[in-house]
Amino acid sequence: MDSLFPPTRIPDEGAPEYLARLNPEQRAAIETTDGPLLVLAGAGTGKTRVLTTRFAHILLSGRARPNQILAVTFTNKAAREMRERIGALLGAPVEGLWLGTFHSLCARMLRRHAEYVGLTSSFTILDTDDQIRLLKQVIEPRRIDTKRWPPQGIMGVIQRWKDRGLTPDRVSDAEDCDFADGKCRAIYADYQKRLIQLNACDFGDLMLHMTEIMRTHPDVLAQYHRFFRYILVDEYQDTNTIQYLWLRLLAQRGDGRANICCVGDDDQSIYSWRGAEVENILRFERDFPGAKVVRLERNYRSTRQILGAASGLIAHNEERLGKTLQPGREDAEGEKVRVVAVWDSDDEARMVCEEVERLRNDGHSLAECAILVRAGFQTRAFEERLITIGLPYRVVGGLRFYERAEIRDALAYMRVLNQPSDDLAFERIINVPRRGIGATGLQKLHLHARARDIPLTAAVLELLADGAIKGRAREHLATLMRCFGQCREDLPREGHVVVVERLLEDSGYLDMWKADKSPDAPGRLDNLKELVRALADFENLGGFLEHVALVMETEENAGNERLNIMTLHGAKGLEFDTVFLPGWEEGVFPSQRTLDEGGMKGLEEERRLAYVGITRARLRAIISHAANRRIYGNWQSSIPSRFVEELPDEHIEAVGDSTRARHNGAMRTPVFGATPFPVVARRRPVTDVATSPTQARKGAFPVGTRVFHQKFGYGTVASAEGSRLEVAFEKAGTKRVIDSFVEQVS
């Protein structure tokens, strides 16, 4: 859908119908057919309409035949949509188009020229599993420690080199020194040789091979120069290095004519983590001297207030070409962007869900509402609240929190800890991480357990005692069983939050993800932290596991009428009537990890992500930030995101105490600072925590202090170690608690 508010234009009687109702900027982008053209298409400005109409205009004006236009998209869905729209404009299906994703077009080209890289036209494209299996075969002779340097991590390095257009001979010594003991380049070379021997290539090879062929064989490049009269590129801001090199080779013809049109928005470049280079769009005019730039700034999606807030925020970025979105309709005034300050993440979930219920009662569709989070772990609080109140929802582009593989694994560890006879749970985690237990070893355990009529855990203990388990498996299983035994012993004394955290650590499960070099590994660790955080809401481990079982059994019978929950990255290209943007706090958004790793470039990308989030909204956008977040059972004070302060006052409505929070200079942290926030109790103080946070209470509870806990009542501190207290409660007995959950009493 191009817009909520379709443009109202006075038809141009002398223009073809497909041009008559376009605005002047859209029409200029379509009718500028010769020479390089950059179309800076802001959010909701009709980018897809311009791209497809330009394609049809070139055909209808007789400038080229269908097979003489190269049109490149990023997704198969976008390619299908373009094909359908072009057919609708032309009034008939179009055959023979060179229209598709970068990789599909390169695969088509490579079939024609495979012999130049030692392949035949029938080469196989390996999937991810086959790639890893092949890489393991290559790694084995080199005696690489795969625990320290897992194959997935090595594959990630190789693919990043391919995305940058680096063949093995172009990888420098400096780039090869910090992974796999400096052997990664050699592994890359061996891997490529094996691919050729198998007449196969991986996904990254499709573009790398074609770029190398065109670079080293001028006759092939000249053939494509003659073949393609026009090049159209969608989402140019998301191109990586190899895509940029491939396009530049095709566009920079020997006759000096570069009929390339790139459509994109530098303010929506949010994929650097997967190799995208915003510099590609920023240097377009340097790459193609004399290029024309057309700015599409009339937004037909959002209200004036939403656009004003988004434009004011993105204006703080320095690395941008510059444009300001304006509403496409004069009557699109709308309500101001709400900025809501809440006490904690639970209050935030409650506030959002109550607003969703109110909108639904007013007749608004749940499908037109979306909660956009910065990180996947944020979804849990919203999911549980929605389940509690019975509102149907979907997690778009990912699994529900408790369905994620790492969460299921961790829950299996907890189930075995809670109930040693849970064979299904034990079978899931016995070899996660790998402990040398193959199918034969597992079968042996099952046979012994059935013969003795005992659980698998008891069978393991008996076989270990008898010496029936040998080698690496014996050592690892003995460690695992000791870990479970010690944790069960500590559970009554130390509490389930502390013990589960230790179980995941000592079992090697957390180390497995810490060693994983794949891009999603940090997110999985964040999810595990959130899972441990959730334990603190329950009196004991059994109660938590029962709650999770009930949550996972919840039936969904609402059809498509569901609230949408997704990450900000996953929301790009989508639009909704109402958008909720929770978690706008320093360290959450902008992400502290991104700031630490990317510096100022990372900060600017985070700000572009915020801009994308706001511009997903058609009618209303609601931003929220919490004064406290709980991490591993500790309530920690938070400060509003710098992005909240950067929103223009005239376009926002502050709710709660956000006005003072936004302008409290004392609350600000250094741009890239990682100063820990003070720990505070989850108890509403008289003063506003958002403007005057409680200081950390280190050492505030010496032995003998009388304290009060909301669940356990009155007690006396028996010992203190850091933030952990051992308290002798009058009615609940001795418990280990976090100091932020108690208060001193006289």
Below 4.5 Å, heavy atoms only, C-beta onward: do L321 and V293 meet side chain to side chain?
no
Notebook entry, point to check: Looking only at atom types and distance, does a side-chain atom of E333 sit under 3.5 Å from a main-chain N or O of T303, one as donor and one as acceptor?
Noted result: no
Distance col, row L282:CG vs S269:OG, nearest 0.5 angstrom, shows 8.0 Å
Between N280 and Y236, the two heavy atoms sitting closest are O-CE2, 3.4 Å
Heavy atoms of A29 and L37 approach each other most closely as O-CD2, 3.3 Å
Closest heavy-atom pair, A309 versus V337, reported as atoms and distance to 0.1 Å, is CB-CG2, 3.8 Å
In H651, R608, E645, R607, the residue satisfying side-chain contact (heavy atoms from CB on, under 4.5 Å) with L313 is R607
Within the distance-only criterion (no hydrogens, no angle test), does the side chain of T615 pair as donor or acceptor with the backbone N or O of V612 below 3.5 angstrom? yes
Rounded to the nearest 0.5 angstrom, the CD1-OH distance for I314 and Y611 is 7.0 Å
Ion pair check, D265 and K323, cut-off under 4.0 Å = yes
For G165 and I242 the tightest heavy-atom approach is CA-CD1, 3.6 Å
Are any non-hydrogen side-chain atoms of E368 and L619 less than 4.5 angstrom apart?
no
* Got a donor-acceptor contact below 3.5 angstrom from the N240 side chain to the Q243 backbone? -> yes
Residues at least two apart in sequence or cross-chain that pass side-chain hydrogen bond (donor to acceptor under 3.5 Å, both in side chains) with T73, listed by chain then number, are none
With sequence neighbours left out, the residues meeting ring-ring contact (aromatic ring centres under 6.0 Å, His included) with Y188 are W161
Determine whether the side chains of S641 and E585 contain a donor N or O and an acceptor N or O closer than 3.5 Å. no
Residues at least two apart in sequence or cross-chain that pass side chain to side chain contact (heavy atoms under 4.5 Å, CB included) with D516, listed by chain then number, are W513, S518, A521
May I ask you to decide whether K336 forms a salt bridge with E650, counting only side-chain N to carboxylate O separations under 4.0 Å? no
* Close side-chain approach of F203 to Q159, heavy-atom, < 4.5 Å -> no
Point to revise | More than 12 heavy atoms of other groups within 6.0 Å of E31 CD | key: yes
Less than 4.5 Å apart, side chain to side chain, heavy atoms only: is that true for D234 and V72?
no
task: Answer yes or no: is there a donor N or O on one side and an acceptor on the other, between the side chain of N299 and the main chain of Q326, under 3.5 Å?
output: no
Quick note, salt bridge (charged side-chain N to carboxylate O under 4.0 Å, His left out) partners involving residues 235-244, not counting sequence neighbours, are K47-E235, E235-K572, D238-K572
CE of M214 to CG of L221, rounded to nearest 0.5 Å, is 6.0 Å
A310 and I614 have their tightest heavy-atom pair at CB-CG2, 3.9 Å
The ring-ring contact (aromatic ring centres under 6.0 Å, His included) partners of F576 (sequence neighbours excluded) come to none
- Query: Between T578 and R620, is any side-chain donor less than 3.5 angstrom from a side-chain acceptor?
  - Reply: yes
Sorted by chain and number, sequence neighbours left out, side-chain hydrogen bond (donor to acceptor under 3.5 Å, both in side chains) with D163 holds for none
- Report yes or no: does Q252 contribute a side-chain atom to a donor-acceptor pair with the main-chain N or O of A258 at less than 3.5 Å? no
Open item on the list: Quick one, Q305 with I652, criterion side-chain contact (heavy atoms from CB on, under 4.5 Å). Give me CA distance, side-chain angles, the key distance, then yes/no.
Closed with: CA-CA 8 Å; Q305 302 289 5; I652 72 163; over 6 Å; no
Are the charged groups of D202 and K162 less than 4.0 angstrom apart, N to O? yes
- Message: Using modelled atom types and a 3.5 Å cut-off, is there a donor and acceptor pairing between side-chain atoms of T379 and backbone atoms of G376?
- Response: yes
In this structure, OG1 of T32 is separated from CG of N259 (nearest 0.5 Å) by 11.5 Å
Applying side-chain hydrogen bond (donor to acceptor under 3.5 Å, both in side chains) to N76 and not counting sequence neighbours gives none
Interatomic distance, CZ@R301 vs CG@L325, rounded to 0.5 Å, equals 9.5 Å
Applying side chain to side chain contact (heavy atoms under 4.5 Å, CB included) to T33 and not counting sequence neighbours gives H57, I58, R63, Y230
Would R618 and S302 count as a side-chain contact (heavy atoms from CB on, under 4.5 Å) if you check the C-alpha gap in whole Å, the side-chain angles of each, and the deciding distance to 0.1 Å?
CA-CA 4 Å; R618 297 192 193 106; S302 306; 5.5 Å; no
The side-chain hydrogen bond (donor to acceptor under 3.5 Å, both in side chains) partners of H103 (sequence neighbours excluded) come to none
- Query: Does the cation-pi check pass for R283 over Y244, that is, NZ or CZ under 6.0 Å from the six-membered ring centre and within 45° of its axis?
  - Reply: yes
Distance col, row L247:CG vs F102:CZ, nearest 0.5 angstrom, shows 4.5 Å
Could you check if a side-chain atom of T101 sits within less than 4.5 angstrom of a side-chain atom of F74, using non-hydrogen atoms only? no
Exactly one of R295, K292, R298 clears salt bridge (Lys or Arg N to Asp or Glu O under 4.0 Å) with E25, and that residue is R298
Review point. For residues E175 and S172, is any side-chain donor paired with an opposing acceptor at under 3.5 Å?
Key: yes
Sequence neighbours excluded, the answer for side chain to side chain contact (heavy atoms under 4.5 Å, CB included) partners of A381 is A349
(request) Just do the side-chain contact (heavy atoms from CB on, under 4.5 Å) check on E277 and T241 with the steps written out, would you? (result) CA-CA 7 Å; E277 297 278 356; T241 302; 4.0 Å; yes
**Asked** Can a salt bridge be assigned to the pair K77 and E81 using a cut-off of 4.0 Å between side-chain N and carboxylate O?
**Response** no
Open item on the list: Using only atom types and a distance under 3.5 Å, with no angle test, would you say the side chain of E597 pairs donor to acceptor with the backbone of T594?
Closed with: no
message: With a 4.0 Å cut-off on N to O distance, would you call E575 and R616 a salt bridge?
response: no
Yes or no on side-chain contact (heavy atoms from CB on, under 4.5 Å) for T45 and E297, after CA distance, side-chain angles and deciding distance? CA-CA 6 Å; T45 57; E297 299 174 304; 5.7 Å; no
Here the pair of heavy atoms bringing P648 nearest to G312 is CG-CA, 3.6 Å
For H569, the side chain to side chain contact (heavy atoms under 4.5 Å, CB included) test, sequence neighbours excluded, returns I270, Y271, W273, R374, T567, L609
By ring-ring contact (aromatic ring centres under 6.0 Å, His included), F288 pairs with (sequence neighbours left out) F284
Using a distance-only test with no angle check, is there a side-chain donor-acceptor pair under 3.5 angstrom linking D267 and Q237? no
